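The structure appears right after this line, and notes come after that.
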Amino acid sequence: MAPLHAGNDSLKLSMSVQEMSMKGDEPPPEYIVKDSKFGAIESSPELGQIPIIDVSLFSPSSLDSKQAKIELDKLRTALSSSGCIQAIGHGISSSFLDKVREAATQFFELPVEEKEKYSRSVHGGSEGYGNDVIVSEKQVLDWSYRLTLRVFPEDQRRLNLWPKNPTDFGEVVHEYATKVKYMIGVLFKAMAKSLNLEENSFSDHLFGEGALMQARFNFYPRCSRSDQVLGVKPHTDRSGMTVLLQDKEVEGLQVLVDGKWVRVPIVPHAIVVNLGDQMQIMSNGIFKSPMHRVVTNPDRMRLSVALFNEPDPETEISPVEKLIDETRPRLYKTVKNYGRINYECYQRGEIALETVKIS
């Protein structure tokens with residue numbers, strides 16, 4: 001089969017996930033995970049011990065306190081091992097997090113023809129509503145459909161792709177993304193401090209002028225073959241940092257820790273933060289960009305909202321000089337437009353970070 005590209009074929013596949021789920025049909029071969037170098041889909045991996053970090057302790061007024069120093073050590077340890085934390089003390093109320101989930105749910109519950117108004121096949125590009133763009137004959141498809149929007153910079157928003165229904169969708173997304181952006185800035189400075197660096201060592205590159213934030217609303221329908229089909233294939237993120245609002249009740253996210261898949265628990269009021277490849281590059285491999293995946297569920301649907309921070313594509317990303325020495329030589333090349341490298345490797349089932357390593 002010749003590779004398909006963004007267009008009607010992509011949209012049809014997206015719709016078929018919804019239709020097959022509603023009918024309880026067997027997923028076709030394109031969705032079946034066969035030989036994965038990252039391990040089989042286990043029925044019940046253990047629950048991961050993802051550290052809970054109180055982000056409020058990293059505010060400028062608290063950062064020099066004894067408690068903040070303890071929390072900084074916890075942060076460094078967590079991000080140097082699993083690359084993943086559960087953030088609390090983020091200043092976003094539980095009722096507002098529910099509002100974000102509700103806005104996403106209301107969009108996905110719209111009739112198919114209403115959602116199609118925002119489809120990538122109609123408008124072109126990577127933003128909008130749809131499923132995987134097919135770039136390889138061997139590509140295994142994800143059992144999900146998504147709405148992807150650029151939120152920042154504001155002047156790059158394609159507002160024709162922002163749903164008009166629910167009516168407060170745009171307002172809710174803007175407010176949530178603004179709050180998350182502030183939290184990301186606080187975390188970047190705390191991470192630099194935990195490594196005894198200047199506080200802007202990461203944020204000047206990953207969070208500077210022209211930095212991007214993408215929002216991705218993910219919907220995972222029920223799947224009759226959850227033992228063979230994934231909601232999202234194993235991958236690392238191309239971002240500097242990813243912030244994930246999980247479903248309130250249904251688990252699905254799994255992270256690879258020490259070669260074993262573990263379930264990421266749902267912690268009330270917490271937001272999951274995981275690092276992306278560009279942070280692993282900048283930290284010269286000290287902080288980890290975790291391999292993760294999303295499993296499907298035979299009985300229940302699942303929703304999540306992810307925000308991805310990454311630098312302007314023209315910004316060069318390389319290891320911070322102070323993290324390179326004789327005991328830890330430079331591990332990664334200088335890269336720019338890493339998002340493109342990561343995307344192409346992901347669809348081919350390759351690990352993007354390996355391609356930018358200094359051999």
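Every value quoted in this text rests on a predicted model; they were computed, and no experiment measured them.
A salt bridge does not link E102 to K99: none of the charged side-chain nitrogens sits closer than 4.0 Å to a carboxylate oxygen. At a threshold of 4.0 Å, the pair R263-E251 counts as salt-bridged, since one of the basic side-chain nitrogens sits closer than that to a carboxylate oxygen. Remark: R101 engages D98 in a salt bridge, criterion side-chain N to carboxylate O under 4.0 Å. Note on E249 versus R300: salt bridge recorded, some NZ/NE/NH1/NH2 to OD/OE distance being below 4.0 Å.
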Run the side chain to side chain donor-acceptor pair (under 3.5 Å) check on D142 and S144 step by step: do they pass?
CA-CA 6 Å; D142 294 338; S144 59; 4.9 Å; no
Side chain to side chain contact (heavy atoms under 4.5 Å, CB included) assessment of L244 paired with S304
CA-CA 7 Å; L244 181 77; S304 69; 3.8 Å; yes
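Nearest heavy atom pair, residue M282 against residue I317, reads CG-CG2, 3.6 Å. Across every non-hydrogen atom of P153 and L212, the tightest pair is CD-CD2, 3.8 Å.
Checked by atom type and distance alone, the side chain of Q254 never pairs as donor or acceptor with a backbone atom of G48 at under 3.5 Å. Looking only at distances, a side-chain donor or acceptor of K233 sits under 3.5 Å from a matching main-chain atom of V140. Judged purely by atom type and a 3.5 angstrom limit, T296 uses its side chain to pair as donor or acceptor with the backbone of V229.
Under 3.5 Å, the side chains of H235 and N342 contain no donor-acceptor pair of N or O atoms. Counted by atom type alone, D277 and T236 present one or more donor-acceptor pairs between their side chains at under 3.5 Å.
Screening residues 150-173 for side chain to side chain donor-acceptor pair (under 3.5 Å) gives H123-N160, R150-Q156, R150-Q214, R157-H174 as the qualifying pairs, with residues at least two apart or on separate chains.
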Would you mind writing out the side-chain donor-acceptor pairs for residues 52-64 within the sub-3.5 Å range, not counting sequence neighbours?
unit_1	atom_1	unit_2	atom_2	d
D54	OD1	S56	N	3.1
D54	OD1	S56	OG	2.6
D54	OD2	S56	OG	3.4
S59	OG	S56	O	3.1
S59	OG	S61	OG	3.4
S59	OG	S62	OG	3.3

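A side chain to side chain contact (heavy atoms under 4.5 Å, CB included) with L206 is found for exactly one of Q278, E310, M241, namely Q278.
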